[in-house]
Amino acid sequence: MKTTSNPQDTLAESLNGIYLVDAGAGTGKTHTIIRRYQNIIESGVSPADILLITFTRNAADQLKESAMVNISEKVNITEILEAPILNFHALCARILKNSGSKSAKYLGIDEEVTSNFTIIENFGFENEVFRKFFLMFKNKTYDKYEEIYLGLNNKHEAVLRIIKFLATRGIFPTKDGWFNEAGNLFNGRMEDYNLRFDELNEPAFVKNDKSGTKEKQNDFYKKIRDAASRSFYLSFDINSLLTENRVNPEYKEEIFNDDTQSLLIEFTRDIYWSYIEFMLKKNYLNFEFIVMLAFLTLYYDEKVRNHYQYEYSMVDEFQDTDEIQFQLLMLMIKDSGGKANLAVVGDWKQGIFGFRNTTIENIMEFENRLKKYKGLLNKDKSRITYDVDNVNKISFEYNYRSSQTILNFSKETLKTEAKKDEQADFETTEQRFGQILKARRELDDLTDIQFYQSEESEKAEIDIVFRKISELINEKKYVCREFDKEGKVKDERPLRYSDICVLSRTNNFCLKLQKEGLQRNIPVNFGGWLELFSSDQAILVLAWLRLMMNENNAEALVPILEKEEYNFPEIRKIISGLKDKATLFTNIPEDIIKFRNRLCGIKENLLRVTETILNRYGFNNNVSSALLNEIDGWIKTDLISLGELIRLIDSSKKDTYEIDINRTREAVITQTVHSAKGLEYPVIILSNMNQSLFPNTRSNTNEIFYLPVPGLRFRKKFETKDDYSLICNNWKSDVLIKMFKPDNYDEERRLLYVAVTRAKQYLYFTSFRPSQFFKHLAELTGKEPIKDFQYEVVAKKKKIINLTETVPAPQLIKPSPEFHSVHDLMNEKITGASDISEAKAVYRASTEAMDHGVMIHQLAHRLANKVKVDSDNEEIKKLKKFISKLRANKLRTEVDFLYPKDDKVIRGTIDLIAFYDDRIEVIDYKTDRNKKYLEKYKIQVGIYKDVIKNIYKDKAVTGKIYFIGLDEVLSV
DNA sequence: TAACGGAAAATTTTT
DNA sequence: TTTTCCGTTA
């Protein structure tokens, strides 16, 4: 009998049944999966019956490649090539294309899923698509969901985010309810709430020498007190929640019961459902909907389900799956005589994609979830027939990457305090962690862990990083030891640049390192993703496009003039001289006007426009071609106008793209911890361990959020009291967030674990403003941070040999100066209405005006360019007539202005300016059907007049308000 | 030592 | 907008 002392062997050789495999960092996971795959084939199973799922395309390709090496004689290569070795989304897309054309009907949607749908990959793009849909939907349903729209204040992105979130949780809308009655989840669980409330609100005591113990403020009280001092709720005094040292229990019930919740649930269902329908009509799908529709197909269509069921299934990186993917997987497992053959392999300690809705509970609660989902999937009909009670657990014990010193150290990372005196359950963590992996590589004579603290500036920290790199490269004591497959020492050699990886929590720091490396002649490659539309190339493209739209756009001129190397006083002069452009003279350099005119001449071809702009500056590298590529993609869809392109670039600034700006062969690599997952290096320098960066403290709560205990909630509320009304936070939601939103520090700690376990031999930490992680980790391991590290930064060789020319790192966008809108200035949020209905009416008028403004903007632009406007819309006809009757010398529409006042810059847009011989007239359109709020509008136009008066000091300035609906003009 | 409040600084990425 | 750090006060 063969003894299998090694758990890796156990997995590779046990083929039948359900296996949950805890495969820590560097335990040879992929290798074992391939061995197991080959063993299954050896046992006579066809590759077509073995499902192998990973999370990324790359990983799937690699697995497929490895599977073809040492292939069994029983199969041929073509069989492997066609085998289902892929990632979740590719699998779902395949199901949809082959068998999913009717899948939307399960939600009560008539639209078909065509086989040539376009997948929207880019959030910025989808957000734009969604914006258009949202405005349409809002118009149609305003009266029904007025409460929501008033609170939402056109923040459509919040709605899109909650839709995508719900889809990954397996919560889908149907025409008149929710799939699998998931809507029941939304009302929350009051009993759990009550328990939590009591638990949080238990009295806390402090020991006192004189009188024994004394009650002090409990943590719940402190949180509310904090909110009370910083938040403002118009119709509720949150101080009333505070009794002595505790939260007033009289409010217990009231906090949970929110009478707008049911409307929010219905709104969410309605817009979610309609959006799916809208996307299908446009032949679009996003990744969430692909999985959703594939799941529904398998769920409802027995034939298709049987077709896609596999005898053997394996999933790699199981900690990166979300809830719906787990369920989808269960539907694809074939019942083999009442048993399932499934192996999921992963490591909860490396679950770092929570923001993408992946959940490590899929591993930690694996057995429970199997049972729970089996029940869910069998709710109305038997779908899962195999037994899920018997789960075999395997834990890999050996590590083939790091020194034992580093492995021992890695355990500390999960017990590191993220903030001072953090109360976290580190005991449970300790238990879960289990045994420390045993090193199978003899490296402990060549290993080191140190902490370096620089002076308090980012530049000083970057200095330290480069000093350390120089030391590592030039000092003989640092040696890289390499091993062969059997674990025998193959080579010992000095360190090379490419042995070193500088990790950071943020992309930004990596980019700075890369740039600095160029200046110091130390080769550094950036291995992360780029905010393409925040690069200086994109900023210039956007600036020129804006200038094409409006030649007096100061915001557009600034980056252009900066690039032409005008200094600040000169730029200010030119911008303040924009007034003359409207008449005869201008300070704008002639060259810029000429180039703008040239661009306007080819504006029918926006791709050429972009190309021309990039050529002007000689931009010709990976960044510029990525820009052209992406814009080309947009133009080929239906979003083609200049205005829309500008909007799209604007909303894509935060989207990241994988762009290769690495051009040097032998270089230090710098990347984010997230992107380094799965990689290994002899040296890891974990940099930028600074306060508020790592651990990161930012936590955005969506305006609409879902948490299991409180259910679906809305953070905003349109509140009215006495003479005022404004959009406030919903105080009940705020309290519930404080009660139930989990700290995400556990995930930050796992990120720390991932970073540390990348290192084979040498591990260093750097910081200039030490975060709690840096401090506490040094403390836990008894290391004193080195504060006076010196080493001369020298490149190893004088000249770095590059494969091709070095591409400079793209500049990041500069922080823009503080701008204030006219609306800020008017303090528009506070209206002078005296009752709720009136206040709502004011608000409705102003938000409607916003929607309308989009239309008017385009229209005004077209009229100014004498483009024919086809519309039967009464208002547009009236507007046309109104404009033609003005008989001015010159008209300017949608004039953006920047107007310095005190220490602020006011930004605004004037609908229309008419120039006459003796005067200038400022005109503002209003779509209201009455003149109730005339006084308010007068203030607004008054500000516009001030602005214009200040620019044209020698001319009279008049103002008019044109109520389009009433067809009435009023002088102001 | 508890309580308060001002200052400072703020993200990750795959499909 | 939200959160932590940290100095001041009682």
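Hydrogens, waters and symmetry mates play no part in the numbers below; they use all other heavy atoms, side chains included. Convention: sequence-line order gives letters A, B, ...; per-chain numbering from 1.
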Next on the checklist: Measuring to OP1 and OP2 of C:dC5, would you say a side-chain N or O of A:Lys420 lies under 4.0 angstrom away?
Outcome noted: no
Next on the checklist: Please confirm whether the shortest side-chain N or O distance from A:Thr701 to OP1 or OP2 of C:dT2 is below 4.0 Å.
Outcome noted: no
Checklist entry - Which nucleotide in the list B:dA3, B:dT12, B:dA10 gets nearest to the side chain of A:Thr672? => result B:dT12
Next on the checklist: Taking A:Glu458 first and then A:Lys512, would you say they form a salt bridge - that is, a charged N and a carboxylate O separated by under 4.0 Å?
Outcome noted: yes
Checklist entry - Could you state the NZ-P distance from A:Lys222 to C:dT3, rounded to the nearest angstrom? => result 16 Å
Item to check | Nucleotide forming a Watson-Crick or wobble pair with B:dT14, both distances under 3.5 Å | outcome: none
Next on the checklist: Let me spell it out: for each of A:Lys775 and A:Arg715, pick the nucleotide of DNA chain C with the closest heavy atom. Which residue's pick is nearer the 5' end?
Outcome noted: A:Arg715
Next on the checklist: Looking at A:Leu242, is its backbone amide N or carbonyl O close enough to the side chain of A:Asn248 to form a donor-acceptor pair, meaning the two atoms are under 3.5 Å apart?
Outcome noted: no
Next on the checklist: Please report the distance, rounded to the nearest Å, between CZ in A:Phe287 and C1' in B:dT15.
Outcome noted: 4 Å
Checklist outcome for this item: Taking B:dT14, C:dC6, B:dA10 as options, the one with an atom nearest any side-chain atom of A:Asn696 is B:dA10
Next on the checklist: If the threshold is 4.0 Å, N to carboxylate O, is there a salt bridge linking A:Asp746 and A:Arg749?
Outcome noted: yes
Checklist outcome for this item: Taken to the nearest whole Å, CD1/A:Ile95 to C1'/B:dT15 is 15 Å
Checklist entry - Quick one: the side chain of A:Arg356 and the base of B:dT13, do they pair up donor-acceptor inside 3.5 Å? => result no
Checklist entry - Nearest to the side chain of A:Gln691, which nucleotide is it out of B:dT15, C:dC5, B:dT13? => result C:dC5
Item to check | Integer-rounded Å distance: B:dC4 P and A:Tyr221 OH | outcome: 6 Å
Checklist outcome for this item: note: A:Phe220, atom CZ; B:dA3, atom C1'; distance rounded to Å ~ 19 Å
Checklist entry - Checking all strands, does A:Arg769 fall into the base, sugar-phosphate, or nothing category for heavy-atom contacts under 4.0 angstrom? => result sugar-phosphate
Next on the checklist: Please determine whether a side-chain nitrogen or oxygen atom of A:Tyr745 lies at a distance below 4.0 Å from atom OP1 or OP2 of C:dT4.
Outcome noted: yes
Checklist entry - P atom, C:dT4 versus B:dT11: distance in rounded Å? => result 16 Å
Checklist entry - When you measure from the side chain of A:Lys738, which nucleotide among C:dT3, B:dT15, B:dC4 comes out closest? => result C:dT3
Item to check | Pairing of A:Glu455 and A:Lys787 as salt bridge, 4.0 angstrom limit | outcome: no
Checklist entry - Of all the choices, B:dT12, C:dC6, B:dA3, which nucleotide is nearest to the side chain of A:Lys216 once you look at every atom? => result B:dA3
Item to check | Separation of atom CZ in A:Phe88 from atom C1' in B:dT15, rounded to whole Å | outcome: 12 Å
Next on the checklist: Can you work out whether A:Arg57 or A:Leu693 has the more 5'-proximal nearest nucleotide on DNA chain B?
Outcome noted: A:Leu693
Checklist entry - Is the shortest side-chain N to carboxylate O distance from A:Glu703 to A:Arg161 below 4.0 Å? => result no
Checklist entry - Under 4.0 angstrom, heavy atoms only, what part of the nucleic acid is A:Asn286 near: base, sugar-phosphate, or nothing? => result nothing
Checklist entry - Would you call the rings of A:Phe451 and A:Phe765 parallel, tilted or perpendicular, where under 30° means parallel and over 60° means perpendicular? => result parallel
Checklist outcome for this item: Comparing A:Ser675 with A:Asp226, nearest DNA chain B nucleotide closer to 5' gives the residue A:Asp226
Checklist entry - Do the side-chain N or O atoms of A:Asn690 get closer than 4.0 angstrom to the phosphate oxygens (OP1, OP2) of B:dA10? => result no
Checklist entry - Between B:dT11 atom P and A:Asn702 atom CG, what is the distance in whole Å? => result 18 Å
Checklist entry - How close or far is atom P of B:dT11 from atom CZ of A:Phe353, stated in whole angstroms? => result 18 Å
Checklist entry - Just to confirm, is there a sub-4.0 Å distance from OP1 or OP2 of B:dC4 to any side-chain nitrogen or oxygen of A:Gln217? => result yes
Checklist outcome for this item: Closest of B:dA3, B:dT13, B:dA10 to the A:Asn245 side chain is B:dA3
Checklist entry - When all nucleic acid strands are considered with a 4.0 Å heavy-atom cut-off, which category describes A:Glu747: base, sugar-phosphate, or nothing? => result nothing
Checklist entry - At under 4.0 Å, does any side-chain N or O of A:Gln772 touch on OP1 or OP2 of C:dC5? => result yes
Checklist entry - In a check of side-chain contact (heavy atoms from CB on, under 4.5 Å) between A:Arg713 and each of A:Leu707, A:Asn730, A:Leu736, A:Ile737, which one passes? => result A:Leu736
